[in-house]
Structure formats: C-alpha cells, structure tokens
Number of protein chains: 2
Amino acid sequence: MARPRTFAPDAALARIKDAFWEKGYEGTSMQDIEAATGLKKQSLYRLFGDKRQMYLAALRHYEENEIRKAAELLETPGTAKERFAGFFGHFIDDALKTGDRRGCFLCNAAVDQAQVDKETLRQVHRIMEQVARLFERVLATSKPYDTDAELTTKKAAHLMASYLGLRVLIKAGWPEDYLRLSARAAVEAV
Amino acid sequence: MARPRTFAPDAALARIKDAFWEKGYEGTSMQDIEAATGLKKQSLYRLFGDKRQMYLAALRHYEENEIRKAAELLETPGTAKERFAGFFGHFIDDALKTGDRRGCFLCNAAVDQAQVDKETLRQVHRIMEQVARLFERVLATSKPYDTDAELTTKKAAHLMASYLGLRVLIKAGWPEDYLRLSARAAVEAV
DNA sequence: CCAATTTGTTACTGATTGGTCCGAAATTCG
DNA sequence: CGAATTTCGGACCAATCAGTAACAAATTGG
C-alpha cells in the first residue's frame, strides 16, 4: 500500500559510516553524507533521525562489521603470540596496501566525540570492552594458556593500548619498519 | 609611536591551544577562540593569520610547553623501568585528579587533522619523532643501558604506541585499575 | 482504476561558519 | 600639543551549517 524504498538502508549506513570514519563528526556535513549515499536529506532524516543518531548508527555498523571481521582475524590456529602477530600485522599490511589512513573508527570516535557526547562515550567504551574480552579469550585459549585472571587482564589491557597506539602511529605517517617494530614488541610482551 | 597591544601574544596562544585541545579543529569556532582569549577576531587574525595557522601555532605551543614538561618528567634518576613508570603514572594521576580527559593534543591532532592537512601531519610526525628519540635516549642512558640500537628503537616504538594508546584509553573512560594495568605491562616490556 | 500512503525532490529556514572592512580609541614620537 | 600609527570593536559578508515544510512521483490494496 506504500511505495517501497529504492535503496538498502544498511548499504546507505555503510556509506555513512565511511564518511564519518574518514572525516570525523564535525568534519562531515550533511552534504557529504548526501553525496556519499546518493540519498537526499529528507530520506536520511526520515530513516535515521538527526546527524548525531546517524553517527551512533555508524558506530554500531562499525561494531557489527569491521570489529566482527577483526575478531575473525584472531580466530586462527597457533600460539597466542602467533595469533596476535597476525592480527597486528593485518592492520599494517592494510594501511600500506590500500593507503587507508582512516585509522580505527572506534579510536577516532574516542578522540573526537566521546568527550562531547556521552552516548558516544558509552558506546565506545562498551565496544572497547568487548574487544578487551576477546583479547582475554584468545590469551586463555591458546598457548601458553594463561590461567591467572589478573595477568590475562593485564596483558589484554596492554594489547588494547598497543593496538590503539599502533593505529595512531599509522595515522601519524610512521614508516612501515617502525610500525612493524612497534607491533613486534607488543606481541613479544604477550 | 604606536599603541601597544594590551595582551601577551603567548598567553593568548596558550588559550587558543587549550580551546583546540579540548574541542578539536572543527569543533572549535572562531567565536570559541574569541571567548577563550578575550580578544576580538580582528586582533586574532592580524596576529596569527587564519584559523589553520592558529591551529599550527597551538601545536607548536604544545610542543614547546607540554611536551617539554613531559620530557622533564623523564629526567629523573633510576632505572629505565622506574623512569617510564613515573612517566606513564603521571598521565593517569593527572587525568584522575583533574578529570582532564582532553588526552594528548598531539594524538588528537594525528587523529582528527593529520589526515586533512598535510602541514599538520608533518608537524605531528616531527614532534612524535622527537618524543621517540627522547625515549631512546632514556633507554640508552639508564639501567640496563641498552646498547643494541635496533632493540632500543623497537622498545621506543613500543613505548610510543603504549603511550598513545594509554591516552586513548583515558579518553574512552576506562577505570583507574585498568589504566594502571596497561601502563604496568608497557613498562615491564622495557 | 482509484484512494491511500510512503517515497524522493526542491525550496527554504534561521543560525552559524570563517573572514573582511572601516571607523574610533589610544598611545608614542616629534 | 598634534600627527602618525597601531590596536580595537562592531558591523558586515557570502557561504555553509543542520534541519523542515511542502509537493510530486510511485506503488499497493481495495
């Protein structure tokens, strides 16, 4: 009884995520979002509410797609060191291969919006906690099978910082060798 | 022969730095800067050029003040581990005590402007390199007196990532215990 | 085929953006 | 004191911001 929409909302959201990911919240105008999605404002507002809700939806999309993909990267056989080496190496490879310097959307959001918007802060913290738990799971389920919970948490906390820091180093334009060194040291500490 | 200015340019720049530091480049309007400095646009533009130059000047001010202060934090007696433990601990203490969640301006700039503006990228990278060299110097001049240059570089690269990551964790609202764990692990890897 | 309903599109809103112009106030040197 | 010079302050600029209202096109159910 109604005209069906001519676009896939999820595909549009993926584009919105890309836009915010690249330029940040304030750096992305509604015009940018229109261009990225090929949709007009009215459709966007009807679908997502306002700009802030689009940002939060983009963050959720990042969680459900990119973070999920990253989690799968850790689902490999091998020792904990090997698994994390592959994980860290992937982001370096990717940045060098595609020249993608957008960094980690989660980290970007923490830096440029978590301060301004409490809901963003909550979401960022929640998703980061998820990642930390994932790291702990990997440490506990692969050689040398950490059993001390406190030690595991500490290692995971260190890996979190190392991961976020690495992605900032990538954004700051450090050369490949330096990134590899940093990643190697992080993994060796596991 | 001319009317003297009624404010100290450096003090004004310090305020501008604070504004950008807190809200980022796009998040800070000229109105915000007027309010922060107590100066009018005309004076600001005459003194610094345009908004982008104000940002770059603020970055330099950060380098010459905050980074310098941080460097002095490392100028303590003790082993390398002790010196870095004090260094990392300071930022955690400070964030908890003052509630200051602005993070590291250098890291913020890398995340939100290095991508957009090449000069910012250059400056950020240059200053970060300075910090990395400082870390290497500390590793080489305190127990256990690292002599292998490659190992020293690797440790410094790891400390850089750990430092930047820690400051992102702080922005993301992680609790004190977690921050301390992360810092402790980073220091232990030295 | 027609009425109901939801889509997409155009035009517009008031507010704010970074930046400029120009006159008035103030200070120093002659 | 007076001329030169510079700072300061408000008005002003076009462009852009996020968001809205109103209208036309399209599709489905009756």
Side-chain angles (χ1 to χ4, degrees), chain A residues 1-59 108-109 112-113 115-120, chain B residues 1-59 61 108-109 112-120:
Chain A
M1 196 176 195
R3 177 179 175 184
R5 54 170 66 100
T6 61
F7 62 93
D10 187 76
L13 184 53
R15 304 291 194 90
I16 294 176
K17 173 194 64 186
D18 286 334
F20 280 129
W21 193 354
E22 187 186 339
K23 304 221 224 171
Y25 182 79
E26 300 280 2
T28 305
S29 68
M30 287 307 301
Q31 229 171 347
D32 292 331
I33 296 180
E34 281 186 292
T37 56
L39 299 178
K40 303 287 177 173
K41 290 177 160 188
Q42 184 76 353
S43 303
L44 291 164
Y45 282 120
R46 200 181 8 248
L47 209 58
F48 299 107
D50 61 4
K51 189 185 174 186
R52 175 123 264 136
Q53 288 175 278
M54 290 179 209
Y55 187 78
L56 288 167
L59 208 53
N108 299 357
D112 90 276
Q113 281 301 302
Q115 185 100 311
V116 167
D117 182 62
K118 284 182 184 169
E119 180 58 22
T120 301
Chain B
M1 193 176 199
R3 178 179 176 183
R5 54 171 68 99
T6 60
F7 61 94
D10 187 78
L13 185 52
R15 303 292 194 88
I16 294 176
K17 174 194 66 185
D18 286 335
F20 280 129
W21 192 355
E22 185 184 341
K23 304 221 225 173
Y25 182 79
E26 301 279 3
T28 305
S29 68
M30 287 307 302
Q31 230 172 343
D32 292 331
I33 296 180
E34 281 188 289
T37 58
L39 299 179
K40 301 289 177 174
K41 290 178 162 187
Q42 184 77 352
S43 303
L44 292 165
Y45 282 120
R46 184 151 17 80
L47 208 57
F48 300 106
D50 62 4
K51 188 185 175 186
R52 173 123 265 136
Q53 288 175 279
M54 289 179 210
Y55 187 77
L56 289 167
L59 209 51
H61 195 276
N108 298 358
D112 91 278
Q113 283 300 302
Q115 184 102 307
V116 166
D117 182 61
K118 284 181 184 169
E119 180 59 20
T120 300

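This structure is a prediction, so every number in the text was calculated from the model and none was measured. Naming convention: chains lettered A, B, ... in sequence-line order (proteins, then strands); numbering from 1 in each chain.
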Worksheet item: A:F48 has an atom CZ; how far is it from atom C1' of D:dG19, in whole Å?
Response: 16 Å
Item to complete: Answer yes or no: does a side-chain N or O of B:S43 lie under 4.0 Å from OP1 or OP2 of D:dT7?
Response: no
Worksheet item: Could you give the CG-to-C1' distance, from A:L39 to C:dT6, as a whole number of Å?
Response: 15 Å
Worksheet item: Quick one: which of B:N108, B:T28, B:D32 gives a side-chain contact (heavy atoms from CB on, under 4.5 Å) with B:F20?
Response: B:T28
Worksheet item: Any chance CD of A:Q31 has more than 12 other-residue heavy atoms, nucleotides or ligands included, within less than 6.0 Å?
Response: no
Practice prompt. Please lay out, stage by stage, how B:D117 and B:Y25 fare under the test side-chain contact (heavy atoms from CB on, under 4.5 Å).
Written response: CA-CA 11 Å; B:D117 182 61; B:Y25 182 79; over 6 Å; no
Worksheet item: Backbone N or O of A:S29 within a donor-acceptor pair of the A:K51 side chain at under 3.5 Å?
Response: no
Discussion item. Rounded to whole Å, how long is the line connecting atom NZ of B:K40 with atom C1' of D:dT6?
Written reply: 18 Å
Could you list the protein-to-nucleotides 17-21 of chain C atom pairs, N/O on both sides, closer than 3.5 Å?
unit_1, atom_1, unit_2, atom_2, d
C:dT17, OP1, B:S29, OG, 3.4
C:dT17, OP2, B:Q31, OE1, 2.6
C:dG18, OP1, B:T28, O, 3.3
C:dG18, OP1, B:K51, NZ, 2.7
C:dG18, OP2, B:M30, N, 2.8
C:dG19, OP2, B:Y45, OH, 3.4
C:dG19, OP2, B:K51, N, 3.0
C:dG19, N7, B:K41, NZ, 3.0
C:dG19, O6, B:K41, NZ, 2.4
C:dC21, N4, B:Q42, OE1, 2.7

Discussion item. Measure CD1/B:I33 against P/C:dT16 and give the value in whole Å, please.
Written reply: 17 Å
Worksheet item: Atom OH of A:Y55 to atom P of D:dC17: distance rounded to whole Å?
Response: 18 Å
Worksheet item: Between B:K40 and B:E34, what is the shortest heavy-atom contact and its length?
Response: CA-OE2, 3.4 Å
Discussion item. Counting only heavy atoms from other residues, nucleotides and ligands, does the tally under 6.0 Å from NZ of B:K17 exceed 12?
Written reply: yes
Item to complete: Please state whether the phosphate of C:dT7, meaning OP1 or OP2, lies under 4.0 angstrom from any side-chain nitrogen or oxygen of A:R46.
Response: yes
